[in-house]
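Below is one structure, written out as structure tokens; the observations come after it.
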There are 2 protein chains.
Amino acid sequence: MAQLDTVSRILDTAETLFAEKGFSETSLRTITSKAKVNLAAVNYHFGSKKSLIQAVFARYLDPFSEILDKEMDRLEAEYAGGDIPLDVVLSTFTNAILTMPSPTKNGLSAFMRLLGLAYTQAQGHMRRYLQEQYGPVFFRFANMVKNASSDLPDVERFWRLHFMLGAAIFSMSSLEALQDIADKDFGEQAGVRDVVQRLIPFVTAGMSAPLPDLSGSNE
Amino acid sequence: MAQLDTVSRILDTAETLFAEKGFSETSLRTITSKAKVNLAAVNYHFGSKKSLIQAVFARYLDPFSEILDKEMDRLEAEYAGGDIPLDVVLSTFTNAILTMPSPTKNGLSAFMRLLGLAYTQAQGHMRRYLQEQYGPVFFRFANMVKNASSDLPDVERFWRLHFMLGAAIFSMSSLEALQDIADKDFGEQAGVRDVVQRLIPFVTAGMSAPLPDLSGSNE
DNA sequence: TTATGTTTCAAACATCTGTTTGATAGTGAG
DNA sequence: CTCACTATCAAACAGATGTTTGAAACATAA
């Protein structure tokens with residue numbers, strides 16, 4: 001039982017520190033000392049720092065991708081081959097995030113920040129791991145988005161999908177800092193749910209915006 | 001003359017490497033060896049690695065913030081106290097980016113990627129530096145956005161502004177990778193200008209989206 | 001020329017990094 | 001108890017990091 005305790009103590013503190021400072025900026029020594037475990041424990045239980053990072057992600061992404069997959073099953077059954085509105089598709093994704101059981105009390109904001117880091121700070125091994133492990137689920141979701149916006153040219157949707165991703169990941173990954181500001185300036189204590197609920201109309205409107213005029217931009 | 005050559009050779013290669021791998025992942029030794037200058041040159045000319053990072057940013061942000069400031073002068077003169085449409089305000093910002101003289105041939109994509117890193121990977125010193133150095137200009141711009149969307153509640157605008165920022169920074173910071181995919185999948189060789197031109201309608205629509213229904217989210 | 005200030009260079013410095021080792025303690029089964 | 005296995009620990013390891021040093025090369029002006 002002692003080993004499980006050590007393992008999860010490491011995972012918890014690693015998660016917090018990674019989210020705070022990033023991966024390479026967080027040393028194993030600061031993790032282990034803060035977790036009150038021996039330095040060698042990380043390499044003993046996880047093998048290497050890289051594997052530790054992956055384990056931190058897996059603890060969130062395993063349940064998340066499973067939930068998302070089931071939710072998509074449910075959606076397709078409910079609409080039975082018919083068209084699914086875009087905002088419903090998007091809400092499915094965010095609902096999967098919100099209903100996901102959180103392994104730590106930090107909850108979502110740490111996970112969101114990690115997602116952001118994974119995308120920008122992604123060293124090669126991380127990108128590969130995420131792609132191999134969770135690629136299919138996200139590919140399935142991307143396809144649902146495609147069907148829900150079939151009037152959009154493929155190239156345009158491609159870019160708008162990434163604008164959407166950016167809006168979500170970026171704001172979520174700085175969520176804590178932004179919440180503090182919002183609280184101080186507007187007296188609004190926004191939870192993750194509120195922010196997500198604000199995000200949906202924004203990206204939905206963005207996805208169905210009029211097509212851009214690309215004339216004169218051929219450089 | 002030799003010293004200027006050394007300085008800019010360091011800046012050029014540092015910029016490229018930072019954009020590729022991030023700040024802490026790039027060592028002074030890889031920078032100096034790739035730039036074919038002595039290791040000590042960085043500390044001699046810049047003082048420290050932190051200052052090098054700031055110098056890389058300054059080379060872009062100094063001209064940019066100056067241009068943006070002047071463009072805002074021009075706008076306010078043109079509209080002479082009247083309301084400035086939101087998409088015009090936003091275009092001003094992107095135009096400032098596009099017309100900015102690029103110190104290196106990497107051009108914008110490196111700069112955009114750096115901006116993204118600065119925001120997500122921002123160690124304390126970077127955030128402070130950016131705020132102190134370029135805070136006023138961006139504050140002025142934020143105010144223009146506020147006036148151009150005065151019908152929006154303050155809190156709502158606050159969050160949408162960050163959604164917007166996220167969409168821009170995120171997609172721009174992965175621009176090169178995304179361009180490759182877009183080229184391969186759709187045969188479209190999109191330049192920075194095209195992407196920006198696609199971005200404008202997206203964020204404009206998002207900014208003027210219907211207000212979210214926040215009921216039932218009080219957790 | 002000499003003298004002065006600046007820039008380059010190889011080498012060393014101190015510190016921090018992830019990882020390994022071998023000894024020690026703890027645990028549960030036979 | 002004894003044995004085999006697992007987990008913890010302090011210590012050391014090998015390498016990389018940013019930074020400093022002191023001498024050498026260079027340039028510029030008197």
Side-chain angles (χ1 to χ4, degrees), chain A residues 1-58 114 117-118 121-129, chain B residues 1-58 114 117-118 121-129:
Chain A
M1 199 115 314
Q3 76 272 25
L4 258 180
D5 218 29
T6 302
V7 167
S8 49
R9 261 220 307 284
I10 291 177
L11 282 172
D12 287 351
T13 49
E15 172 187 311
T16 307
L17 290 173
F18 285 156
E20 264 173 26
K21 318 191 190 181
F23 303 118
S24 11
E25 289 81 1
T26 305
S27 71
L28 292 184
R29 281 173 174 80
T30 48
I31 293 176
T32 52
S33 75
K34 209 150 204 165
K36 289 192 214 307
V37 301
N38 189 272
L39 167 62
V42 169
N43 291 278
Y44 178 77
H45 288 287
F46 296 93
S48 67
K49 188 184 181 181
K50 284 184 182 179
S51 312
L52 205 214
I53 298 178
Q54 295 183 356
V56 169
F57 273 93
L114 286 179
L117 286 181
Q121 207 172 337
Q123 301 103 319
H125 77 97
M126 212 41 226
R127 223 179 258 277
R128 245 175 291 122
Y129 170 76
Chain B
M1 196 115 315
Q3 77 272 25
L4 258 180
D5 219 29
T6 301
V7 167
S8 48
R9 258 218 309 283
I10 292 177
L11 282 174
D12 287 351
T13 49
E15 174 188 310
T16 307
L17 290 172
F18 285 156
E20 263 172 29
K21 317 190 191 182
F23 304 118
S24 11
E25 289 81 2
T26 306
S27 72
L28 291 184
R29 280 174 173 81
T30 47
I31 294 176
T32 52
S33 74
K34 209 151 205 164
K36 289 191 214 306
V37 301
N38 189 271
L39 168 62
V42 169
N43 292 278
Y44 177 77
H45 288 287
F46 297 93
S48 68
K49 188 183 180 179
K50 284 184 183 180
S51 313
L52 206 214
I53 298 178
Q54 296 182 357
V56 169
F57 273 93
L114 286 180
L117 284 181
Q121 207 174 338
Q123 301 103 318
H125 77 98
M126 210 44 224
R127 225 181 257 276
R128 246 176 290 121
Y129 169 77

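Order of the sequence lines sets the chain letters (A, B, ...), proteins ahead of strands, with each chain counted from 1. Note that these values count all heavy atoms, side chains included, but never hydrogens, waters or copies made by symmetry.
- Within the structure, every side-chain polar atom (N or O) of B/H45 is placed at least 4.0 Å from both OP1 and OP2 of C/dT6.
- Looking only at side-chain heavy atoms (C-beta outward), A/M126 and A/Y129 come within less than 4.5 Å of each other.
- If you take CG of B/D5 and P of C/dT8, they are 9 Å apart, rounded to a whole angstrom.
- Partners of A/L28 under the side chain to side chain contact (heavy atoms under 4.5 Å, CB included) rule, at least two apart in sequence or in another chain, are A/I31, A/L39, A/V42, A/N43, A/K49, A/L52.
- Taking the side chain to side chain donor-acceptor pair (under 3.5 Å) definition, one finds that B/T30 meets it with B/S27, sequence neighbours left out.
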Margin query: Generate the contact string for nucleotides 9-23 of chain D. Rules: B means base contact, S means sugar-phosphate contact only, - means no protein heavy atom under 4.0 Å.
Written below: BB-B----BBBBB--
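- For A/K50, the side chain to side chain contact (heavy atoms under 4.5 Å, CB included) criterion is met by A/S48, A/H125, not counting sequence neighbours.
- Annotation: side chain to side chain contact (heavy atoms under 4.5 Å, CB included) contacts of B/A41 (sequence neighbours excluded): B/T6, B/I10, B/V37, B/H45.
- For B/A40, the side chain to side chain contact (heavy atoms under 4.5 Å, CB included) partners are B/N38, not counting sequence neighbours.
- Here C/dG18 presents its C1' atom at 16 Å from CG of A/L17, a figure rounded to the nearest Å.
- The phosphate of C/dT8 (OP1 or OP2) has a side-chain N or O of B/T6 nearer than 4.0 angstrom.
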